[in-house]
Amino acid sequence: MNSDIKISSGPIFCHRCGTLMINTGDDVLECSACNAKKDASEYDNIKIITKSNQKSFPSKLRLRRSKIQQLDRYKEESAKIKEKCPKCGNDEMNYHTMQLRSADEGQTIFYSCPNCGHKFSINS
Ligand SMILES: [Zn+2]
Ligand SMILES: [Zn+2]
């Protein structure tokens, strides 16, 4: 009989508002309602359970955060370039770059046409 397993084999609820806490993947449990945080290492068994279920149970907060980061990045690196749209012939394209792989493997340049919305990408 191991009483430790019994104690930590259920979902963890926020100590402040009672909402189910979500494992953010950084060994931190985060409340999706009030942002309260708890060290997941306090709940070793829970950590394993939530990690294996993470794909079907993603953190809403984390998704929102990465979306904002992407938007910031887009704004920073987005620019116009004299490049003909292969679809409608518009002579100015929006483009932005994104590092998809490791730094020494180059980057991907995304073009999009402000006129017709045509999109394509080039690996440099
Ligand atoms: Zn909470
Ligand atoms: Zn176009």
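Keep in mind that this is a model prediction, so the values were computed, not measured.
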* Asked: Side chains of F110 and N94: closer than 4.5 Å at any heavy-atom pair?
  ->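 Heavy-atom side-chain distance check fails, nothing below 4.5 Å.
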
- Are the side chains of E92 and K82 in touch, meaning some heavy atoms are under 4.5 Å apart?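 Yes, their side chains come closer than 4.5 Å.
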
Nearest 0.5 Å please: distance from the [atom1] atom of [X] over to the [atom2] atom of [Y].
X: S121; Y: Y111; atom1: OG; atom2: OH; value: 10.0 Å
X: K38; Y: H15; atom1: NZ; atom2: NE2; value: 5.5 Å
X: I81; Y: D91; atom1: CD1; atom2: CG; value: 12.0 Å
X: I109; Y: E83; atom1: CD1; atom2: CD; value: 9.5 Å
X: Q107; Y: I122; atom1: CD; atom2: CD1; value: 12.0 Å
X: T24; Y: L29; atom1: OG1; atom2: CG; value: 7.5 Å

Looking only at heavy atoms, which two atoms of [X] and [Y] are closest? And how far apart?
X: R16; Y: A36; value: CZ-CB, 4.1 Å
X: E30; Y: K37; value: OE2-CE, 2.9 Å
X: M21; Y: C14; value: SD-CA, 3.4 Å

Cluster link I22 to V28, ILVMFWY, side chain under 4.5 Å
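No: no chain of side-chain contacts under 4.5 Å links I22 to V28.
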
Residues two or more places apart in sequence or in another chain: which of them pass side chain to side chain contact (heavy atoms under 4.5 Å, CB included) with N115?
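N115 satisfies side chain to side chain contact (heavy atoms under 4.5 Å, CB included) with C88, N90, C113 once adjacent residues are dropped.
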
* Asked: Considering residues at least two apart in sequence or located in another chain, which fulfil the side chain to side chain contact (heavy atoms under 4.5 Å, CB included) criterion with T19?
  ->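 Partners of T19 by the side chain to side chain contact (heavy atoms under 4.5 Å, CB included) criterion, ordered by chain and then number, come out as C17, C31, S32, A33.
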
Holding to ring pair (Phe, Tyr, Trp, His ring centres under 6.0 Å), I want the full list of residues that pass it with H118, two or more places apart in sequence or in another chain.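 By the ring pair (Phe, Tyr, Trp, His ring centres under 6.0 Å) rule, H118 matches F120.
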
